[in-house]
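Structure record follows, encoded as structure tokens.
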Amino acid sequence: MPETKTRTRKLTPRLIAGGAAAAVVLLCGLAAAPWPPKLSGNVTGDAALAERVRPLLTAPANQVSVAWIDGDNVRYAGFGADELTEYEIGSVSKTFTSSLLADAVERGEVTLETTVADILGKDLTDPDAEIGTVTLAELASHRSGLPRLAAGIDALPSLLVGQLLNRDPYTATPAQILTQAQSAGLNNRGAVAYSNLGYAFLGQLLAKAAGTSWEELLAERVLTPLALKETYAPVTAENLPDGAPTGRSAAGRPEGAWTLEGSAPAGGIRSTAADLARYAQAQLDGTAPGAAAMEPQWGDGDRRYGLGWVTEERGGREITWHNGQTGGFWSMVALDRESGRAVVMLSNVAAGQEEAVFELLAGGPE
């Protein structure tokens, strides 16, 4: 074989920079790649409660915070987290919005039979449209006939891009929510059909009736009276503090923060196990603003609905609850009102742990 000459290539600054950039891209790709969520072995708080909870966590999990409430007694346990770790609570936010409704009723500002037209008045898009006759009670109990999500041309791109890029799919402003809900059309009104759009609409209607924003109304009438100092609704990404935690999908994909903007009344609150334990205690003892929201008033098979809250029989006991999920978090608050007990559970992985909550509430912490 003929001899082959080899050539050496000098490493210029441009090549070095290019290689460094490629390494950064590779590292970022590895950091963003899915990894199977694994429950943290770093246990905090009540060791006995943690050992009780650990085998109940059958869905993917990484960081989990738990609160067991029995009257004035609260016990906390965590895996890679504690009672002060911040989470997106998703649709548990709906119970805060329903509290605002019940509180506004108690104040005499609205009634459960107040209609969309009563609040929007001349701002109603079509005075003859059926949406104008929908009541606040129908919106709060998912009986309005509105679809789960807005499906107009201005809503679909955001939903699709959010799913594809693992970021917040809800970008409509409060004004757009008012428009989208009015143009969505109603289907099977009177039957229970879970609607994020309906709750976003409800929250923006309550804000309009009060002459303020939903997040300001929330802070003034629920968060401040209950001293929920670590609970807030950022509404936009710009309002998130530096270092605000983000979570992962059940498959392990990193997810961007969800702030939901105009849809925040349906799922845009961030909180901690400690604050939600205080919130649960106030619901149990009736001191929460708008605590009447929990009372079941409308039936749907084995489940009965109050304003947002669901009540059903579990193991011979009536349990009132709501869960929530965003792109990277899962949450649940469940209450046994008769015994004065409750469980709060929060996870930074978007995978449901509902049965764990129900079993813990039924069997106790030990």
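Computed from a predicted structure; not experimentally measured.
Expressed to the nearest 0.5 Å, how far CG of Leu284 lies from CD of Glu338 amounts to 12.0 Å. Gln176 contributes atom CD, which lies 15.0 Å from atom OH of Tyr170 (distance to the nearest 0.5 angstrom). With rounding to the nearest 0.5 Å, the separation of CG in Leu146 from CG in Asn188 is 12.5 Å. Note that the CE atom of Met332 and the OG atom of Ser347 stand 13.5 Å from one another [nearest 0.5 Å].
Counting only distance, with no hydrogens or angles, the side chain of Glu113 and the backbone of Thr135 share no donor-acceptor pair below 3.5 Å. Formation of a donor-acceptor pair under 3.5 Å by the Asn348 side chain with backbone atoms of Gln63 is found in this model. With hydrogens and angles disregarded, no donor-acceptor distance shorter than 3.5 Å links the side chain of Ser141 to the backbone of Leu307. Asp118 places a side-chain N or O within 3.5 Å of a backbone atom of Thr115 that can act as its donor or acceptor partner. A donor-acceptor pair is defined here as one N or O able to donate and one able to accept, closer than 3.5 Å; no such pair exists between the side chain of Gln283 and the backbone of Met294. Glu312 places no side-chain N or O within 3.5 Å of a backbone atom of Thr320 that could act as its donor or acceptor partner. The main-chain N or O of Ala244 is never found under 3.5 Å from a side-chain atom of Glu86 such that the two would form a donor-acceptor pair.
A pairwise comparison of heavy atoms in Leu335 and Ala280 identifies CD2-O, 3.6 Å as the closest pair. Taking both residues in full, the closest heavy atoms of Ser249 and Pro37 are given as O-CG, 4.0 Å, listed atom of the first, atom of the second, then distance. Across all non-hydrogen atoms, the minimal contact from Gln180 to Ala150 is OE1-CB, 3.3 Å. The shortest heavy-atom contact between Pro254 and Arg248 is CD-NH1, 3.5 Å.
In this structure, His142 and Tyr194 have parallel ring planes: the angle between them is below the 30° cut-off, well short of the 60° mark. Ring-plane geometry between Phe96 and Tyr279 is classed as parallel, the angle between the planes falling under 30 degrees on a 0 to 90 degree scale with a further cut at 60.
Crowding of Asp72 atom CG: a count of heavy atoms from other residues, nucleotides or ligands under 6.0 Å not exceeding 12. Summarising the local packing, CG of Asp302 is surrounded by 12 or fewer heavy atoms from other residues, nucleotides or ligands at distances under 6.0 Å.
A donor-acceptor pair shorter than 3.5 Å cannot be found between the side chains of Tyr87 and Ser331. No donor-acceptor contact under 3.5 angstrom links the side chains of Arg278 and Thr231, judged on distance only.
Counting heavy atoms from C-beta outward, Glu255 and Thr326 have side chains that stay 4.5 Å or more apart. Taking the side chain as every heavy atom from C-beta outward, Asp126 and Gln182 never approach each other to under 4.5 Å. Residues Leu205 and Leu136 form a side-chain contact, since some pair of their non-hydrogen atoms from C-beta on lies under 4.5 Å apart. Taking 4.5 Å as the limit, every side-chain heavy atom of Val357 sits out of range of all side-chain heavy atoms of Trp321.
Applying the side chain to side chain contact (heavy atoms under 4.5 Å, CB included) rule to Thr224 yields no partners; only residues at least two apart in sequence or on another chain are considered. Under the side chain to side chain contact (heavy atoms under 4.5 Å, CB included) criterion, Pro234 pairs with Tyr232, Asn239, Leu240, Thr259, Arg270, sequence neighbours left out.
A salt bridge between Arg221 and Glu109 is present, with a side-chain N of the basic residue lying under 4.0 Å from a carboxylate O of the acidic one. Taking a cutoff of 4.0 Å between a charged side-chain nitrogen and a carboxylate oxygen, Arg314 and Glu355 qualify as a salt bridge.
Each side chain to side chain donor-acceptor pair (under 3.5 Å) pair with one or both residues in residues 285-299, not counting sequence neighbours, appears once here: Asp285-Thr287, Glu295-Arg337.
One hydrophobic cluster holds both Val333 and Ile89 under the rule that ILVMFWY side chains link at heavy-atom gaps under 4.5 Å.
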Worksheet entry | Val53 and Trp68: CA distance, side-chain angles, deciding distance, side-chain contact (heavy atoms from CB on, under 4.5 Å) verdict | CA-CA 11 Å; Val53 169; Trp68 162 264; over 6 Å; no

